[in-house]
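If you're wondering where the values come from, they're calculated on a predicted model, not measured in any experiment. We count ligands from 1, going down the list as the structure has it; atoms in each ligand are counted the same way.
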Amino acid sequence: MLVQAGERLGIACVTLDPAADSSAAQVGPAIVGAYDDPKAIALLVADADVVTYEFENVPVDAMRAVHGPAVLPPPSALEAAQDRIAEKTLFTEVGLPAPTFAAVDDLGSLATAVEAVGLPAVLKTRRLGYDGRGQAVLRSSELLEDAWRAVGEVPSILEAFVPFERELSIVAARAADGELRCYPLVENHHREGILRVSYAPAPELTDELQTQAEGHARAIGERLEYVGVFAIELFHANGGLLGNEMAPRVHNSGHWTIEGAETSQFENHLRAICGLPLGGVGVRDHVAMVNVIGREPDASAILTIPGAHLHSYGKQPRPGRKLGHVTLLAEDPDTLRERVLQVSGHLTDS
Ligand code: AMP
């Protein structure tokens with residue numbers, strides 16, 4: 001989707017991905033190789049003006065080793081987002097409250113962490129977790145060993161379980177001169193740790209909540225000297241916001257912006273990293289995004305729904321894999337919800 005946005009702006013993209021059949025390889029020139037393969041990276045950067053990433057587990061050292069073109073967002077932002085302890089420490093340092101947390105390095109420190117954090121709690125691997133993988137909810141101190149085994153006995157973080165009202169996220173674009181443009185807060189619905197549906201703007205969004213979230217995005221952007229698009233995933237609890245995690249990249253909860261906003265998150269990311277003016281972040285209508293997971297849907301059935309736009313990433317189907325998404329536009333929230341139900345009825349995820 002970044003490559004497609006680049007095409008319109010006359011920005012030629014070359015991608016690097018370990019998979020030969022990556023989505024990006026289907027829409028532009030692609031190098032197949034590991035993210036830290038020096039030869040592949042040398043090829044990638046040879047004619048580049050700027051290097052970026054849209055996957056947060058790209059090795060930081062490989063990005064630091066790039067010489068010549070600018071690497072944006074800065075690798076230090078990638079580093080902060082790769083470690084859940086660094087991430088939550090950053091949140092609290094810039095004034096974004098986070099669930100109470102403690103580091104866990106072994107079974108002994110898990111017991112100590114439970115005393116500090118309380119129960120119920122969520123044990124998550126510090127690194128490489130995504131879509132709910134590498135996580136275990138801990139409800140009883142008799143089940144410490146099970147939880148420790150469930151996360152693979154690797155360095156982890158124990159977080160207080162937040163009985164949130166809903167999950168929100170804010171997607172922000174930050175330019176090199178510090179200008180920040182934020183899309184409206186989005187309400188996200190997960191199942192089995194995987195994002196299923198996003199509503200934009202979040203229902204009953206108040207100016208006050210949006211201003212709060214933008215303030216947090218501004219503080220994080222400034223601290224990281226960020227350039228590009230990033231997302232902060234938030235819990236809305238007790239009327240306030242708690243930081244869950246940040247993504248140093250374009251984000252799934254911002255995919256609706258392709259049809260639903262004045263400028264897509266993909267275009268704004270490219271504008272930011274290429275030193276072009278940022279585009280407007282206004283929303284058209286009421287918008288939702290429904291992820292296509294596990295199995296391809298019947299395109300005709302989806303496309304007969306008014307206001308529906310189907311995006312298929314050309315990936316091999318696999319249980320739990322995000323294969324595409326559907327953007328839905330509607331004139332009012334009730335119609336939007338009806339259309340989301342219609343789309344969901346055509347998705348048989350596995
Ligand atoms: P994460 O990979 O950290 O985004 O977690 C995946 C999902 O698990 C989140 O979107 C929440 O639905 C849930 N979750 C994560 N952390 C917590 C928490 N501390 N309290 C309650 N639910 C959580």
Side-chain angles (χ1 to χ4, degrees), residues 54-57 78 80-92 96-104 110 113-141 143-144 147-148 150-152 154-171 185-200 202 213 216-217 220 230-256 288-291 293 320-322 325 349:
E54 57 90 77
F55 175 54
E56 67 266 41
N57 290 324
L78 189 61
Q82 282 182 356
D83 176 356
R84 290 187 190 271
I85 303 253
E87 184 178 58
K88 292 226 158 53
T89 305
L90 165 74
F91 288 171
T92 50
L96 170 59
T100 309
F101 67 92
V104 172
L110 176 55
V114 166
E115 277 169 32
V117 170
L119 291 177
V122 189
L123 185 64
K124 303 178 180 177
T125 57
R126 275 178 78 154
R127 295 177 172 278
L128 301 174
Y130 71 102
D131 281 353
R133 286 172 224 205
Q135 292 193 20
V137 177
L138 191 56
R139 298 187 188 278
S140 152
S141 52
L143 297 173
L144 295 191
W148 180 236
V151 299
V154 293
S156 295
I157 179 174
L158 187 75
E159 292 174 19
F161 185 89
V162 180
F164 52 78
E165 285 144 41
R166 55 181 180 165
E167 292 187 75
L168 302 171
S169 60
I170 188 153
V171 173
L185 275 163
V186 167
E187 181 180 296
N188 299 317
H189 295 254
H190 295 81
R191 202 168 67 241
E192 290 149 2
I194 304 175
L195 179 65
R196 306 285 164 159
V197 184
S198 294
Y199 288 94
H216 295 312
I220 288 169
F230 63 101
I232 312 171
E233 295 179 25
L234 302 153
F235 297 135
H236 192 197
N238 299 322
L241 296 171
L242 287 176
N244 177 32
E245 61 181 3
M246 77 162 283
R249 54 171 168 79
V250 288
H251 192 249
N252 195 177
S253 72
H255 286 7
W256 62 273
M289 190 276 323
V290 184
N291 269 332
I293 294 163
R321 192 173 202 200
K322 290 174 183 165
H325 71 269
D349 62 280

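- Checked against side chain to side chain donor-acceptor pair (under 3.5 Å), Ser169 has the following partners two or more places apart in sequence or in another chain: Asn188, Ser253.
- Contact annotation for Val162 and ligand 1: heavy atoms of both the backbone and the side chain come within less than 4.0 Å of the ligand.
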Step by step, would you call Phe91 with Ile220 a side-chain contact (heavy atoms from CB on, under 4.5 Å)?
CA-CA 7 Å; Phe91 288 171; Ile220 288 169; 3.7 Å; yes
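- Checked against a 6.0 Å centroid threshold, the rings of His189 and Tyr199 count as neighbours.
- Between Lys322 and Ile194, the closest side-chain pair of non-hydrogen atoms falls below 4.5 Å.
- The closest non-hydrogen atom to atom 6 (C) of ligand 1, taken over Arg166, Gln135, Arg84, His190, comes from Gln135.
- Short contacts between ligand 1 and Glu233, defined as distances under 4.0 Å to a heavy atom of the residue, involve ligand atoms 4 (O).
- Of all the heavy atoms of Ala121, none lies under 4.0 Å from any atom of ligand 1, so neither backbone nor side chain is involved.
- Scanning Phe164, Phe235, Phe161 for the heavy atom closest to atom 17 (C) of ligand 1 points to Phe235.
- Between Ala160 and ligand 1, a contact under 3.5 Å exists for at least one N or O pair.
- The proximity of Asn244 to ligand 1, defined as any non-hydrogen pair under 4.0 Å, is limited to the side chain.
- Distance check, rounded to the nearest 0.5 Å: CZ of Arg196 to CG of Asn291 gives 8.5 Å.
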Below 3.5 Å, can you tabulate the donor-acceptor pairs from side chains in residues 231-246 to any protein atom, sequence neighbours excluded?
{"residue": "Glu233", "atom": "OE2", "partner": "His251", "partner atom": "NE2", "Å": "2.9"}
{"residue": "His236", "atom": "ND1", "partner": "Arg166", "partner atom": "NE", "Å": "3.1"}
{"residue": "Asn244", "atom": "OD1", "partner": "Lys124", "partner atom": "NZ", "Å": "3.1"}
{"residue": "Glu245", "atom": "OE1", "partner": "Arg84", "partner atom": "NH1", "Å": "3.0"}

